[in-house]
Amino acid sequence: MVSLFSCSGGEAPADRPLPSVPAGYIDKHMPQGWWTDPKVIEEGEKIFRGEENPDVNCSNCHGKDGVPTRRGARDFRAVGLISRFSDSYWFWRVSEGVPMTKMSAWKGKLSEEQRWKVIAYEHTFSHGGQPAPHDDYK
C-alpha cells in the first residue's frame with residue numbers, strides 16, 4: 001500500500017478538483033460520532049498497524065506516526081489535502097485503491113466497518129494525533 005491518494009495516476013493535485021466519487025460510494029458516510037470516538041480510533045489504529053489482519057498493514061507505507069516511509073505514500077498529516085476529502089471519497093479510495101499507484105483495494109480484506117475505523121484513525125494524523133470532527137466537503 002504505497003499511496004492512498006497519490007497525486008499521480010489520475011489523482012488531482014491540490015489546485016485541481018478531485019475525481020468524482022462513483023455512484024456506489026457517494027452515499028457512504030462515516031457513522032455518526034466515529035470521527036471522534038476513542039474506541040473506534042483505537043480499533044482503527046490496530047487495523048492501520050496490521051494488528052487485526054497482518055495482510056493489511058497501512059503503516060508499512062504510511063508510517064506508524066503518519067510520516068510516510070515509502071515514496072509516493074500519502075502523508076496523512078497534510079491538513080490542506082486531507083480536508084479536501086469527503087468521507088465518501090476517502091472510503092472509496094480505501095475500498096477500491098488508487099489506479100496506477102501501489103495503493104491496493106482493501107474491500108476484500110477489510111469489512112466496511114473496519115475501513116471506516118481505519119479512516120477515523122488516519123484522520124487523527126492531520127490533527128496532531130488527536131481525534132477531530134471532519135467536515136464533509138461534497
Side-chain angles (χ1 to χ4, degrees):
M1 176 162 124
V2 169
S3 179
L4 183 53
F5 308 102
S6 174
C7 287
S8 64
E11 290 303 306
D15 62 341
R16 289 196 220 148
L18 295 170
S20 296
V21 177
Y25 289 96
I26 197 71
D27 292 327
K28 299 283 187 182
H29 299 288
M30 180 68 76
Q32 185 71 31
W34 279 27
W35 288 114
T36 57
D37 184 311
K39 184 178 180 202
V40 167
I41 292 167
E42 180 181 329
E43 291 172 14
E45 179 178 13
K46 289 178 182 176
I47 296 164
F48 184 86
R49 293 178 181 245
E51 295 171 24
E52 292 290 316
N53 179 344
D55 291 335
V56 180
N57 187 336
C58 309
S59 67
N60 278 342
C61 297
H62 297 286
K64 290 186 180 194
D65 55 1
V67 179
T69 58
R70 299 218 176 137
R71 186 172 181 238
R74 175 58 51 222
D75 186 343
F76 294 121
R77 299 167 304 150
V79 178
L81 182 62
I82 298 304
S83 67
R84 294 181 65 204
F85 300 151
S86 68
D87 57 351
S88 58
Y89 179 88
W90 205 334
F91 186 77
W92 166 48
R93 287 312 196 192
V94 169
S95 298
E96 299 293 338
V98 179
M100 299 176 8
T101 74
K102 292 184 180 179
M103 173 58 192
S104 298
W106 296 112
K107 69 180 181 181
K109 297 207 180 234
L110 296 174
S111 68
E112 184 168 328
E113 183 176 287
Q114 288 173 314
R115 284 176 272 156
W116 284 122
K117 288 177 179 179
V118 79
I119 290 168
Y121 175 69
E122 290 167 347
H123 184 253
T124 67
F125 291 125
S126 64
H127 290 82
Q130 300 299 311
H134 181 72
D135 293 327
D136 196 10
Y137 299 95
K138 291 182 188 175

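Along the sequence shown, the residues carry numbers beginning at 1. The figures here come from the full heavy-atom set of this structure, side chains too, leaving out hydrogens, waters and symmetry mates.
Using cut-offs of 30° and 60° for the angle between ring planes, the H123 and H127 rings count as tilted. Classified by interplanar angle (parallel below 30°, tilted 30° to 60°, perpendicular above 60°), the ring pair H134/W90 is perpendicular. Aromatic ring orientation, F48 versus F125: tilted (interplanar angle from 30° to 60°).
Distance check, rounded to the nearest 0.5 Å: CD1 of I119 to CZ of R93 gives 12.5 Å. Note that CG of D55 and CH2 of W106 are 8.0 Å apart. Values are rounded to the nearest 0.5 Å. To the nearest 0.5 Å, atoms OH (Y121) and CD1 (I47) are separated by 11.5 Å. To the nearest 0.5 angstrom, S95 atom OG is 8.0 Å from W116 atom CH2. To the nearest 0.5 Å, atoms NZ (K109) and CG (N53) are separated by 6.5 Å.
At a threshold of 4.0 Å, the pair R74-E122 does not count as salt-bridged, since none of the basic side-chain nitrogens sits closer than that to a carboxylate oxygen.
Under a 3.5 Å cut-off, the side chain of T69 and the backbone N or O of C61 do form a donor-acceptor pair.
Not counting sequence neighbours, the partners of E43 by the side-chain hydrogen bond (donor to acceptor under 3.5 Å, both in side chains) test are K117. By the salt bridge (Lys or Arg N to Asp or Glu O under 4.0 Å) test, K107 pairs with E96, sequence neighbours left out.
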